[in-house]
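A quick write-up on the structure given underneath.
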Amino acid sequence: MKNLIEKMFGTKHERDVKKMQPLVAEINDHFERLKSLSDEELQAKTDEFKSRLAEGETVDDIMTEAFAVVKETCRRHLGQTWDVVNQPTEWNMVPFDVQLIGAVALHQGKIAEMATGEGKTLVATMPTYLNALTGKGVHIVTVNDYLARRDLEWMGKIYEFLGLTIGVIQNQMTNEERREKYKCDITFGTANEFGFDYLRDNMAQKAEDRVHRNRYYAIIDEVDSILIDEARTPLIISGQVDSKVHDRYRQMKPTVDVLVRKQTTLVNDMVAKAEKLLASGNADDEFEAGTLLLAVTRGAPKNKRLLKVLKETGMKKLVTDVESAYMRDKKLHEVDDRLYFFIDEREHSIALTDQGTAQLSPEEQKLFEIPDISIMLSELEGDESLSPEERQKKTDEIYRVHGELSEKVHAINQLLRAWALYEKDVEYVLQDGKVMIVDEFTGRILPGRRYSDGLHQAIEAKEGVTIEAESQTLATITLQNYFRMYDKLAGMTGTAETEAGEFWDIYKLDVAVIPTNELCIRVDSEDQIYRTRPEKYKAIINEITEKYNKGQPILVGTVSVDVSETLSRMLKRSGIPHNVLNAKQHQREAEIVTRAGEQGAVMIATNMAGRGTDIRLGDGVVERGGLHIIGTERHEARRIDRQLRGRSGRQGDPGSSIFYLSLEDDLMRLFGGDRLGSVMDRLGVQDDEVITHKMVTKAIERAQKKVELQNFAIRKHTLDYDDVMNVQRNWIYERRLAALERESIKDEVVDLIEEVLEGLIDDHCPEKVYPENWNLTGFTDELRKIYLLNFQFKEEDIPSLTREKLKEQVHGAVMHIYNQKEAAYGEEIMRQLERYAVLSTIDRHWRDHLAEMDELRTGIGLRAYHGGMGKPIDIYKREAFRMLEEMSATVDREIVNLVYKLQVSLPEKSRAERRREPEAVASHADTTGMGYASAVQAPAGAAQEKNPMAEASQAGRQQRTYRRKVPKVGRNDPCPCGSGKKYKKCHGAAG
Ligand code: ADP
Ligand code: MG
């Protein structure tokens, strides 16, 4: 049915493209007319457009004219040469019609899917020019610093000719340089730089330190890499904190060590037993043997003996059959019960069995009796005998104890995971006593990066190297929430369609598939599937040798450095010269990759190596069939495989691609390898035989789809939680920004002085209580602590006191102190002091709040919640809001306290100077690993102050929390509880 409709009306994409045809004609009409203009007249178009925009025309109105101006500018530059990343480069591009269509899609805020080599860099110039005319700044986002610079230098001449300013952000730049670049009409840079600058701006101590101007329109190149792969983990700026965490890992290490060793002995026995049983040929024995092997698969999936047995004909099928039988009867736990702990590789989870727990010391066993917090909480809620304060205190206590226990259990789990799932020299390497992560995506070593969530500490404990301190998050945001802040977003890539659903769901980005300029004639062959890896590698080397001897260039794509190196060694032995690229040095590798299309070139490259670089065919290569692509393994995502193929066959070039797979590949092993194994058994395929079979390729694709969905779920999950924080982050950052940017925040401070006082009166002198019974001692204590005010009541006055009178008197007194202080210091210093009080208090509490939110999330994630408390995310929302309320009240009180308490001895300037030492690190966890955290050194300006004055105020934190009913928030602002409603309609509603 669908096919028939498509035949009659074309696919949705074809229809969309058709709709754009008249626009293309219009652009080309304008373009023809522009030819007669002088250069000056053409350049004057920019000012003309700007004034038309000022007079009320929109960017949509002038789109076709503006695009034509860019096209004509391109034409006038034909044959000119300028340096692009130190290479003299001749300009040879005038946008093709399909490129105009791509440009329209970008302007409309869509993702333009255009194949590799279609000239997306050029496409972006048109919407960039058009939208930059507004003066609001356009951001062009690239995957690395090198490409940011390349694109600026390559396209820069066009923009400059038209009178626009351009700038590029590079990692090592100072704040001053960055600010200059952001002022330009067009700013190039990586997603990480843009995102970290946003976070650092919200940590700035002075308004002048902020670098971003606004977030109006961004075009993201290689949009899938950034919004899908990199979006898996948030951007984090962190600073080191002292903590007892590493002790915990050291303490637990021996225990886990014993568990792992016992398990190893156990599973080795199981394999031996299974082998014996199998030899008997008895059917019952066979089932038991399958059960044993299944247990080993769950207890030690990477066990060498197991892998050997599974290779034998029929074994995989046996294990899957047995597994299905247990699952059908819902008795899989019986298999797990034979172990000390079991691992679910698919779920990336790990758990102790009763037998395993029994190995722990009695104290450790207690850890696992984590009380069910939801039951305890609902009991509390039902307990009428408690006052609200008591209930709150008990709730806090439950969370605290629960948090502590959870952390210890968490440590054990992470240690087990470190032992069972993370192998030295595969997932990580040891260098100079440090655990370094190997990127599973590109295979390169990631210096300075750390696994998050204690996993890195766990591996350090396992390897017996120094366990490095955990750092505290100072600011964090997901890329999703960062990019959603732009008024308009667009993206381009060769491969978006498979993730179109996610782009729409998360970013409301539509994917427009743009046809290629020339028909793509690349030949994509069927997969070649072998049983074992060595067989597969042998076949790959044979294929390379054959093509190499013909002089045809070959690009071999790998999923890891490991594989790259294996192949490189084999090629060396065969005497075939080649290059290996690991996405380590972007510029150098880009230079090498440009030559990948030359006769006799052999390149082995991991996924991201040389991405974005154009591969042209050398002389005589067309006759030899163009660039030949060899994939050595399937990636988790089909998209990445498509990218690899896409490196060949650009702009109508001839080319070919083929994938070599084996049943031992990770993806095959995890999903469907067993089934495939049995298919191969049935077909009677021998070890060294290859099969190519539609059914197998289909099965692999199904497996990939499954992983894609799973990964989407992981990203969505991260985002769901960040969404809760996002509302809070915006709220805090806005309040902070106001303090930073407004000349004077005296009004706010004076309001706070009064509000905090009202709170004290509410707490100590409740309305319905006689003045004789008010807690005036407590009240005066607080006045002393907060306002440094010594207030005495005369006994005889007390009975006639009213709350109003009390407030009036005390308020007069505290304002008197305030005014005196202001008179003594002078207006200017007092304003600075107030600003400092607000910023430092907000920052410190926000930091702690982030940590608490983290704990809350871990706590919720660790336990299954049943019944009345709702879904984990809902509990998180509720608790997060409660914590925000609490924080907000404490913050108010502390700000007031600081305003009264701070003594000024340092000139503000020198203090600001001292703040600049870079102590914080900006990190963006790795793109594809599960739960990486990285720690790349941040440029100066990310510094977090360590201020003696701030520390002096610590004392105030120990005091009890005062709760205002809801945080201070504008009536028309979104409610900080995250409901999405306006504040006045939600928590701010009267009554
Ligand atoms: P993509 O990013 O889409 O993979 P690039 O922007 O790197 O492609 O461009 C690849 C190459 O395509 C350029 O180096 C250029 O040689 C060529 N190209 C792109 N557009 C045109 C054009 N309109 N006319 C001629 N060549 C073009
Ligand atoms: Mg590109």
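These numbers were taken from a predicted model, which means no experiment stands behind them. The residues of the chain are indexed from 1 along the displayed sequence. We count ligands from 1, going down the list as the structure has it; atoms in each ligand are counted the same way.
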Suppose I only count heavy atoms of [X] and a 4.0 Å limit; which atoms of ligand 1 are within that range?
X      : value
Arg616 : 14 (O), 15 (C), 16 (O)
Thr116 : 4 (O)
Ala115 : 3 (O)

Any side-chain donor paired with an acceptor under 3.5 Å for [X] and [Y]?
X      : Y      : value
Gln643 : Asp224 : yes
Glu633 : Tyr660 : no
Tyr486 : His139 : yes
Arg645 : Ser657 : yes

Please state which protein non-hydrogen atom is closest to [atom] and give its distance, to 0.1 Å?
atom                    : value
atom 15 (C) of ligand 1 : Met93 SD, 3.7 Å
atom 25 (C) of ligand 1 : Asn92 O, 3.5 Å
atom 24 (N) of ligand 1 : Phe96 CZ, 3.2 Å
atom 17 (C) of ligand 1 : Arg650 NH2, 4.0 Å
atom 8 (O) of ligand 1  : Gly119 N, 3.2 Å

Could you see which bit of [X] sits under 4.0 Å from ligand 1, with heavy atoms only: side chain, backbone, both or neither?
X      : value
Val123 : neither
Gln99  : side chain
Trp154 : side chain
Met114 : neither

Salt bridge or not between [X] and [Y]? Use side-chain N to carboxylate O under 4.0 Å.
X      : Y      : result
Arg715 : Glu502 : yes
Arg76  : Asp39  : yes
Glu153 : Arg149 : yes

Out of Thr89, Thr121, Asp97, whose heavy atom is nearest to atom 6 (O) of ligand 1?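 Of the listed residues, Thr121 has the closest heavy atom.
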Check the orientation of His77 and Phe161. Use parallel for under 30°, tilted for 30 to 60°, and perpendicular for over 60°. perpendicular
Can you check whether Asn517's main-chain N or O pairs, donor with acceptor, with Glu118's side chain at less than 3.5 Å? yes
N/O separation below 3.5 Å, Leu122 to ligand 1: no
Is there at least one pair of N or O atoms, one from Asp614 and one from ligand 1, spaced under 3.5 Å apart?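 Between Asp614 and ligand 1 (N or O atoms, distance only) the closest approach is under 3.5 Å.
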